[in-house]
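As the structure lists them, so they are numbered: ligands from 1, and atoms in each ligand from 1. Every heavy atom of this structure was used, including side-chain atoms; hydrogens, water molecules and symmetry mates were not. In this text the structure is predicted, and so the values were computed from the model without any measurement.
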Amino acid sequence: MVAQVIDGKAFAAKVRAQVADQVAKLKEENGITPGLAVVLVGEDPASQVYVRSKGKQTVEVGMNSYEHKLDADTSEEDLLALIDKLNNDPAVHGILVQLPLPKHLNEDLVINSIDPAKDVDGFHISNVGLLGTGQKSMVPCTPLGCLMMLRDYHGSLSGMDAVVIGRSNIVGKPMAQLLLGDSCTVTIAHSRTKDLPDVVRRADIVVAAVGRPEMVPGDWIKEGATVIDVGINRIERDGKNKLVGDVDYASAAERAGAITPVPGGVGPMTIACLLANTLTACCRANGLPEPEGLTA
Ligand code: GUN
């Protein structure tokens with residue numbers, strides 16, 4: 001079997017176009033412009049790239065972007081004061097604090113100081129609890145993007161066997177909750193899982209989110225399974241820098257029914273879903289109906 005390639009780049013462009021349409025409507029009919037505040041502490045190069053990209057795409061869909069760049073030695077008190085200000089600013093509908101934070105800042109404390117209604121990352125304990133109990137919440141962007149692609153490809157996911165490899169708070173755990181919410185039978189596998197190849201071989205859906213280059217070989221993949229590769233790993237091969245996923249793409253594509261490439265798969269969906277979440281937060285804040293197809 002040669003897998004169908006799930007084009008995340010094209011899908012993300014479609015999501016952004018939907019968001020832009022809804023933003024234009026909100027402005028015209030309600031005089032409201034959604035606003036996203038992004039807070040970056042320090043100068044981590046990868047974080048700087050992400051934050052720039054987020055700001056650019058926010059403006060492109062017609063939203064207001066507020067960037068707050070703070071020094072690496074910013075005190076917790078000053079960061080919490082900024083978050084409090086953003087929580088109380090009616091022009092700000094979404095707040096994202098870029099992770100990782102410098103070591104002297106308590107990440108949990110900072111994230112949990114964001115108003116849950118503005119927590120467009122879905123990392124606040126209230127949102128984690130709401131998602132876990134099947135209530136309306138803000139859903140973490142990367143898993144939301146994976147879910148959108150799976151629903152688009154399969155229609156219903158009901159009854160499918162899904163394996164999520166990786167148990168991070170940002171991807172693995174919320175991904176498992178979302179798949180459970182769509183009535184999959186879900187296994188969360190991780191570095192201590194016994195017989196990982198056997199566990200993966202049973203799965204109709206494999207979501208790989210471990211951050212280890214090409215750790216899932218094609219012969220672990222069940223014939224016809226759908227493979228969602230969340231990994232973005234920079235490696236050197238043949239003297240060149242290359243981005244690869246957590247799945248060995250070439251061998252997996254020979255067995256899978258559908259697969260996301262790296263780059264161009266899950267990656268572009270993350271920021272598209274951040275914009276979708278900001279729109280959702282803005283609609284909820286104003287008592288307006290939520291955009292269709294852009295939430296879990
Ligand atoms: N750092 C890496 N991924 C993310 C993300 O999804 N959200 C935030 N806030 N920081 C990140």
Side-chain angles (χ1 to χ4, degrees), residues 8 12 15 35-58 65-70 72 74 79-80 82-83 86-87 92-103 105-128 131 137-149 164 166-178 207-212 228-234 243 245-246 262-263 265-278 280-281 296:
V15 170
L36 172 65
V38 175
V39 180
L40 173 64
V41 187
E43 270 137 38
D44 179 70
S47 292
Q48 284 178 323
V49 173
Y50 285 133
V51 166
R52 207 172 310 132
S53 204
K54 283 168 189 170
K56 183 167 167 274
Q57 294 188 34
T58 303
S65 169
Y66 308 101
E67 273 182 28
H68 295 268
K69 293 186 176 163
L70 308 181
T74 298
L79 179 56
L80 293 176
L82 171 61
I83 291 172
L86 298 172
N87 282 342
V92 172
H93 304 95
I95 302 169
L96 179 146
V97 177
Q98 185 67 29
L99 303 178
L101 287 171
K103 294 270 179 289
L105 299 169
N106 179 338
E107 227 160 69
D108 288 338
L109 180 75
V110 170
I111 295 302
N112 290 325
S113 73
I114 298 171
D115 177 350
K118 296 189 179 189
D119 168 37
V120 282
D121 259 329
F123 295 163
H124 190 289
I125 45 167
S126 294
N127 283 316
V128 176
L131 177 62
S137 67
M138 295 304 305
V139 175
C141 305
T142 299
L144 178 59
C146 296
L147 183 75
M148 282 184 187
M149 290 193 286
V164 179
R167 52 177 156 178
S168 70
N169 291 335
I170 292 183
V171 184
K173 286 181 203 162
M175 186 75 246
Q177 293 289 3
L178 289 172
V207 180
V210 264
R212 283 180 52 194
I228 305 289
D229 192 348
V230 181
I232 302 177
N233 308 292
R234 223 168 276 277
L243 281 187
D246 292 347
V262 178
V266 175
M269 287 298 288
T270 297
I271 298 183
C273 288
L274 172 68
L275 303 174
N277 277 351
T278 304
T280 299

Problem - Neighbour count above 12 (heavy atom, 6.0 Å) for Tyr50 OH - result: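 Counting neighbours around OH of Tyr50, 12 or fewer heavy atoms of other residues, nucleotides or ligands fall under 6.0 Å, so no.
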
Problem - Gln48 CD: over 12 foreign heavy atoms closer than 6.0 Å - result: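 Yes, CD of Gln48 has more than 12 neighbouring heavy atoms, counting only those of other groups under 6.0 Å.
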
Is the backbone N or O of [Y] less than 3.5 Å from a side-chain atom of [X], with the two atoms forming a donor-acceptor pair by type?
{"X": "Lys118", "Y": "Asn87", "answer": "yes"}
{"X": "Asp229", "Y": "Gly231", "answer": "yes"}
{"X": "Asp119", "Y": "Asn127", "answer": "no"}

Problem - Residues forming a side-chain hydrogen bond (donor to acceptor under 3.5 Å, both in side chains) with Thr58, sequence neighbours excluded - result: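 With neighbours one apart ignored, the set is empty.
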
Name each N or O atom in ligand 1 that is under 3.5 Å from a protein N or O, and give the partner atom and the distance.
{"from": "ligand 1", "atom 1": "1 (N)", "to": "Gln98", "atom 2": "NE2", "distance (Å)": "3.3"}
{"from": "ligand 1", "atom 1": "1 (N)", "to": "Leu99", "atom 2": "O", "distance (Å)": "2.9"}
{"from": "ligand 1", "atom 1": "7 (N)", "to": "Asp121", "atom 2": "OD1", "distance (Å)": "3.1"}
{"from": "ligand 1", "atom 1": "7 (N)", "to": "Asp121", "atom 2": "OD2", "distance (Å)": "3.3"}
{"from": "ligand 1", "atom 1": "9 (N)", "to": "Val97", "atom 2": "O", "distance (Å)": "2.8"}
{"from": "ligand 1", "atom 1": "9 (N)", "to": "Asp121", "atom 2": "OD2", "distance (Å)": "2.6"}
{"from": "ligand 1", "atom 1": "10 (N)", "to": "Leu99", "atom 2": "N", "distance (Å)": "3.0"}

